[in-house]
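Here the structure comes first, spelled out in structure tokens, and everything after it is commentary.
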2 protein chains.
Amino acid sequence: MDRKIEDILKRNQLSVTSGRKKILELFLQQDGALAHNDIEKRAGEKFDRVTIYRTLQAFLEKGMIHSIPTSDNSIRYALCKDNCSEGHHHDDHVHFVCSACGNTVCLEGVMVPPIKLPNGFVVEQVEMLVSGVCKSCNMDV
Amino acid sequence: MDRKIEDILKRNQLSVTSGRKKILELFLQQDGALAHNDIEKRAGEKFDRVTIYRTLQAFLEKGMIHSIPTSDNSIRYALCKDNCSEGHHHDDHVHFVCSACGNTVCLEGVMVPPIKLPNGFVVEQVEMLVSGVCKSCNMDV
DNA sequence: ACAACAAACGCAACAGCGTTGCAAATAATT
DNA sequence: AATTATTTGCAACGCTGTTGCGTTTGTTGT
Ligand SMILES: [Mn+2]
Ligand SMILES: [Mn+2]
Ligand SMILES: [Zn+2]
Ligand SMILES: [Zn+2]
């Protein structure tokens, strides 16, 4: 596990530091998305807020994670499971926010449907954010 | 015009004050969405930041405006043109953010397509945010 | 038109998020 | 092991949004 994490960092040309290892580990042992604040809380050893911001920024630029805009105006981040290259990446799946547990997940299997806009509009990117009750919260009933 | 504005406020059971009239006027003479900051700048007479926040909150609760989450983590607000009742409302159209002029508009004619999620997920709300170049920016080329 | 009441406003203060500059600490390279 | 490059923690800052409270403004009834 620790080896795997170091490999990912090296593959992305990032020097391996304890902070980056810890944050990447958090993403790997989590199927949902993480906000800056989640990381701050879960990282047992204390890292400076700024370090977390810069780490997220670095992961983002390398295409290791992508950001998910949510309606409550808080940015979440999730691992890119497809092979996203540095720079832009294809984030063509739907994101789901559970109103019960608060989790945000990537629905990798659900593609954003094609959309037809009026003449004159050029589409660059489409984001689809679905809110509701997630699978595990429904099973708990 | 001034009469129309007062009518809207009264119809929504809001006492008519100079601040609310001004802000509502800004929304009416604008086809795109407005952020708190836009209002702060455009309101010629100076209103306190807090007043603008509270006014937006009031308009939102009355269903006069709806909020549009954007990828850059800034909340925009737009008039509800359909007859949205207090509380929830049907925001079933697509929102568009122009990367050239920065404007955010409601595409009232473009419905959010239906989406099928895996078993176990219950959908409450779907938001679709498209970014690209808007009609007027394309015509300027 | 006026008084009495209710609501909204401005101000001050505060908490949280995200950014930047810089010196110290840590990792990579030789 | 020494040198160099990178990252980190800290301090400081600006911006956004919220809350409490006293004052001002709007509404209601006479
Ligand atoms: Mn995703
Ligand atoms: Mn809209
Ligand atoms: Zn859930
Ligand atoms: Zn435009």
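Reminder, nothing fancy here: chain letters follow the sequence lines and each chain counts from 1.
B:Lys22 NZ: more than 12 foreign heavy atoms inside a 6.0 Å radius.
Rounded to a whole Å, the CD atom of A:Gln13 is 14 Å from the C1' atom of D:dT6. Counting to the nearest Å, the P atom of C:dG18 and the CZ atom of A:Arg76 are 11 Å from each other. If you take CG of B:Asp48 and C1' of D:dG22, they are 14 Å apart, rounded to a whole angstrom. Computed from coordinates, the B:Lys41 NZ to D:dC15 C1' distance equals 12 Å when rounded to whole Å. Atom CG in A:Leu56 sits roughly 14 Å away from atom C1' in C:dT19 (whole-Å rounding). Atom CD of B:Gln57 is separated from atom P of C:dA7 by 18 Å (rounded to the nearest Å). The interatomic distance linking B:Phe47 (CZ) with D:dG17 (C1') rounds to 19 Å, in whole Å. The CD1 atom of A:Ile75 sits 9 Å away from the C1' atom of C:dC17 (whole-angstrom rounding).
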### Query
Where do B:Ile68 and B:Cys106 land on the side chain to side chain contact (heavy atoms under 4.5 Å, CB included) test, with the steps shown first?
CA-CA 9 Å; B:Ile68 307 171; B:Cys106 298; 4.2 Å; yes

### Task
For the pair B:Ile39 and B:Phe47, evaluate side chain to side chain contact (heavy atoms under 4.5 Å, CB included) and give the outcome as yes or no after the intermediate values.
CA-CA 9 Å; B:Ile39 297 172; B:Phe47 298 106; over 6 Å; no

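At least one side-chain heavy atom of B:Val50 sits less than 4.5 Å from a side-chain heavy atom of B:Arg54. Side-chain contact check for B:His93 versus B:His66: some heavy-atom pair is nearer than 4.5 Å. Put simply, the side chain of B:Ser71 reaches to within 4.5 Å of the side chain of B:Leu129, judged on heavy atoms.
Within the structure, a side-chain polar atom (N or O) of B:Asn73 is placed less than 4.0 Å from OP1 or OP2 of C:dG18. For the OP1/OP2 pair of D:dT16 and a distance below 4.0 Å, the side-chain nitrogens and oxygens of B:Asn37 include at least one atom meeting the criterion.
Where A:Arg49 and A:Thr55 each meet DNA chain D at their nearest nucleotide, the meeting point lying more 5' is that of A:Thr55.
Here the shortest heavy-atom pairing between A:Cys80 and A:Ile65 reads SG-C, 3.6 Å.
When ring centroids are compared, A:Phe121 and B:Phe96 come within the 6.0 Å threshold.
The rotation axes computed at either terminus of the helix from C:dA1-D:dT30 to C:dT30-D:dA1 lie 40° apart, taking five pairs at each end and rounding to 10 degrees.
Side chain of B:Arg20, nearest nucleotide from C:dA8, C:dC11, D:dG9: C:dA8.
B:Arg20 places no side-chain N or O within 3.5 Å of a backbone atom of B:Thr55 that could act as its donor or acceptor partner.
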Tabulated below should be each protein N or O lying under 3.5 Å from an N or O of nucleotides 21-30 of chain C; please produce it.
{"residue": "C:dA28", "atom": "OP1", "partner": "A:Val16", "partner atom": "N", "Å": "3.0"}

